[in-house]
Protein chains: 2
Amino acid sequence: MLTSSQQQLLRVIGQSGPSSRTVLAASMGLSKAAMSGIARDLISLGVLHETETVQGQGRPSILLDLHPEGAFFVGISLLEDPAPMVLSDFNGNILARQTMPLSRDPDVIAGLIADTLPKLLAGRKDAKQKLQGIGVALSGFVDERQANCVQSTLLGWQDVPLANIIRRKCGIDTFIENDAKAVAVSEKLFGSARDVQNFSVVSFDDGIGCAHFIGGKLYRGNHGGAGEIAHCTIEPGGAPCRCGKRGCLDTVASLRAIKEMAKAEGLSCHSIEDLETEAALGNAAAVRILHRAGNALGLAIAHLIQFNDPGMILIAHVEGRFDGLFGTVMRQTAEANVLPRYAGQTPIRTHRVDGDVWARGAASIAAHNFLIGPNAN
Amino acid sequence: MLTSSQQQLLRVIGQSGPSSRTVLAASMGLSKAAMSGIARDLISLGVLHETETVQGQGRPSILLDLHPEGAFFVGISLLEDPAPMVLSDFNGNILARQTMPLSRDPDVIAGLIADTLPKLLAGRKDAKQKLQGIGVALSGFVDERQANCVQSTLLGWQDVPLANIIRRKCGIDTFIENDAKAVAVSEKLFGSARDVQNFSVVSFDDGIGCAHFIGGKLYRGNHGGAGEIAHCTIEPGGAPCRCGKRGCLDTVASLRAIKEMAKAEGLSCHSIEDLETEAALGNAAAVRILHRAGNALGLAIAHLIQFNDPGMILIAHVEGRFDGLFGTVMRQTAEANVLPRYAGQTPIRTHRVDGDVWARGAASIAAHNFLIGPNAN
DNA sequence: TTGATTTGTTTAATTCCTGAACTTATGGTC
DNA sequence: GACCATAAGTTCAGGAATTAAACAAATCAA
């Protein structure tokens, strides 16, 4: 376990990139002397290392950066079958991959992780000792200690203390998190939101997820439900949703909804790319579907901006494109529905992510707990 | 200036009410020894005092509480003319009132405050020495240091360093804040949100304001615009708004909008109370207006809950009632448009506030900076 | 070569906090 | 009423984190 100053230092370096001791001391409000000691400790722990020296006037400064090989983390996604399991370093680089069968039994999951772990670490003799944590991403609600799954429809769980079960079985610190929140953490630690204090990540997939970072910290809400924009009413009186109400964003703008609408219109599109092509060729039904979906997502994002004034909106999508009609309408609607004073002030970035998102997100939860400390403080 | 441990102690007492040293030590994660010293210092500063003793098994415990007379704060509202100016204690009790003419010239305002201050403090010889800060509430955007007014349409300001101007003139620490955010802070320090970490306050008046507390701290957003729900699009393609877009919540559900709609319908109602009475008597136009307004506000609140999952929504209103059609529709719409799993999980409280809200809110900004420290940290 | 300049380290002093022993004030029990 | 159990709060020595100030190191500029 690191001291709070050590964690603060790692956090600052993670946000601002490689910096000299003097700069770090200033930005943390500490003396050079204190900085010197903290840096020395972290370097001897193998977590930090000196990189290049920068020449200026006076003695050159030595930049300190996270040592990529300083700590390893394991991430497991319980969103897919088979469940991917990755080994990640400090920078979110994936060093090894394995898969394991998906189970709904927590004890079986813990057993499978314990069995697969040696394979994942194979060939790295320092890995086991430098493995600092396991992270698990799942669909559902997780408590603020990132230990218990309060409820998961997909896994059929209710108050399952998954983290402790895995911890006991594997002997390694374990944290679990909701899928969308894990992606947000990974964007904060490894991605393009490193230096942004307030932002929201929208994960666009079969369903729509969202998570907020506020004040540099993941905000989970009072019941762990912050960011559940999928079920905000975007078309009052609209189509019924699986959740029981009507007109949810999820019924109009999710990848699943778009595909279903295309199918219902008799279009033979299997992907949003096909639908965009059809729309570009003038197919009225395709245009209508994409327009409606883009409009809905844009309005939801406008509300997000208007309500929370984030520094950035990041849309992470595995499938789909945002450079066609759908994305254009989404952006236009978002801009048109925020205070004109704010229009264009909040960057909306889209980010096509690879199939490792969920597992990498899971690993980032473990990294977050090591670097920044437990989310609840 | 207090140490961070002292501030933490004041914060905890403010949230949990009078507590014994042992309880406080436990809830702050400190040893009894440390607590003893911190409490001793704050008592000798006159900020804390011992209240009743509680008998249990063993030695009775002595409850510590904020000493109401331990510190005074001045609050000024620049929302009304004449501008009210109040003297407040630690508990938000108003000890004295004055008014001063409203001006749009920052230097004139500072001069007026300096002139009125002695009258406000008259008859309290310890007040001047125990006066710990001045807070100013205004309509507009304020920077995160609560020092500069970035923009105010009402006052015609752009980047006005009001806090420093007043500080120089009066020699007392000064902080400024947006009106709705000031009300939220006052509910956190003095009101019913004391022990809630995450909540949103909606101020319902001629306009609609809103502010969020997240993680026990005021969240101002990246441009100071967090909580601006008045201009979220609630009726796409609806009536044009002063802000330049259409269908804003403000055009349908604000007190001003309701009155204007009533006037446009030829109703002779001068207050929402009259309108409620008309509606109860079966006046179709009155019913329609209240229904539409309640529906709009309810939907906005549903979005607030769905997006941010706060522990409480607090509606602070000077005029109006929430026990009639308007309030009922608002609550029903809010409940009907959140995930059924969450329906009823987020208390929506309404709170009729007196005419001192804004000035008291302003004073709470000063108190907040004394008790909890600057908002930016 | 010398001085200016800035980085980073060392050292002693200081602040804040902890653990352990202690004092204080009560209730309960014989 | 004497005595013990119990819990609150205090005192005090020691330890960890931090600072200020002096110092050493590494470069540039004249």
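Convention: sequence-line order gives letters A, B, ...; per-chain numbering from 1. When reading the values below, keep in mind they use all heavy atoms of this one structure, side chains included, and skip hydrogens, waters and symmetry mates.
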Problem set entry | Whole-Å gap separating P (dC17(C)) and CG (L24(B)) | 14 Å

Quick one: side chains of residues 41-56 of chain B, donor-acceptor pairs under 3.5 Å with protein atoms, not counting sequence neighbours, listed by atom name and distance.
from, atom 1, to, atom 2, distance (Å)
S44(B), OG, R40(B), O, 3.4
S44(B), OG, D41(B), O, 2.9
H49(B), ND1, D65(B), O, 3.2
E50(B), OE2, R21(B), NH1, 3.3
E50(B), OE2, R21(B), NH2, 2.8
T51(B), OG1, L63(B), O, 3.2

Exercise. How many Å lie between CG on L63(B) and P on dG9(D), as a whole number?
Worked result: 8 Å

For this session: Report yes if at least one side-chain N or O of S5(B) is closer than 4.0 Å to OP1 or OP2 of dC16(C); otherwise report no.
Result: no

Exercise. Can you check whether F213(B)'s main-chain N or O pairs, donor with acceptor, with K188(B)'s side chain at less than 3.5 Å?
Worked result: no

For this session: Could you tell me whether the side chain of F141(A) reaches within less than 4.5 Å of the side chain of C149(A), counting heavy atoms only?
Result: no

Exercise. Between atom CG of L9(B) and atom CG of L30(B), what is the distance when rounded to the nearest 0.5 Å?
Worked result: 9.0 Å

Problem set entry | Contact pattern, 5' to 3', of nucleotides 19-30 of chain D - B, S or - by protein heavy atom under 4.0 Å | BB----BBBS--

Problem set entry | Whole-Å distance separating the CE atom of M28(A) from the P atom of dG8(C) | 15 Å

Exercise. What is the distance, rounded to the nearest whole Å, between atom CD of Q6(A) and atom C1' of dA16(D)?
Worked result: 12 Å

Problem set entry | Nearest-Å distance for atom pair CZ/P, residues R21(A) and dT6(C) | 19 Å

For this session: Determine whether S192(A) and E187(A) make a side-chain contact, defined as any pair of heavy atoms from C-beta on separated by less than 4.5 Å.
Result: yes

Exercise. Is there a side-chain polar atom (N or O) of S20(B) under 4.0 Å from OP1 or OP2 of dG9(D)?
Worked result: yes

Exercise. Looking at S36(B), does any N or O in its side chain come under 4.0 Å of the phosphate oxygens OP1/OP2 on dT10(D)?
Worked result: yes

Problem set entry | Euclidean distance, atom CD1 of residue I38(B) to atom C1' of dC16(C) [Å, nearest integer] | 8 Å

For this session: Please name all residues satisfying salt bridge (charged side-chain N to carboxylate O under 4.0 Å, His left out) with R167(B), sequence neighbours left out, ordered by chain then number.
Result: D173(B)

Exercise. Nearest 0.5 Å, what's the CG-NZ distance between N164(B) and K169(B)?
Worked result: 14.5 Å

Problem set entry | Atom-pair distance (CD on Q8(A); P on dA17(D)), nearest Å | 14 Å

Exercise. For dG8(C), does either OP1 or OP2 sit under 4.0 Å from a side-chain N or O belonging to R40(A)?
Worked result: no

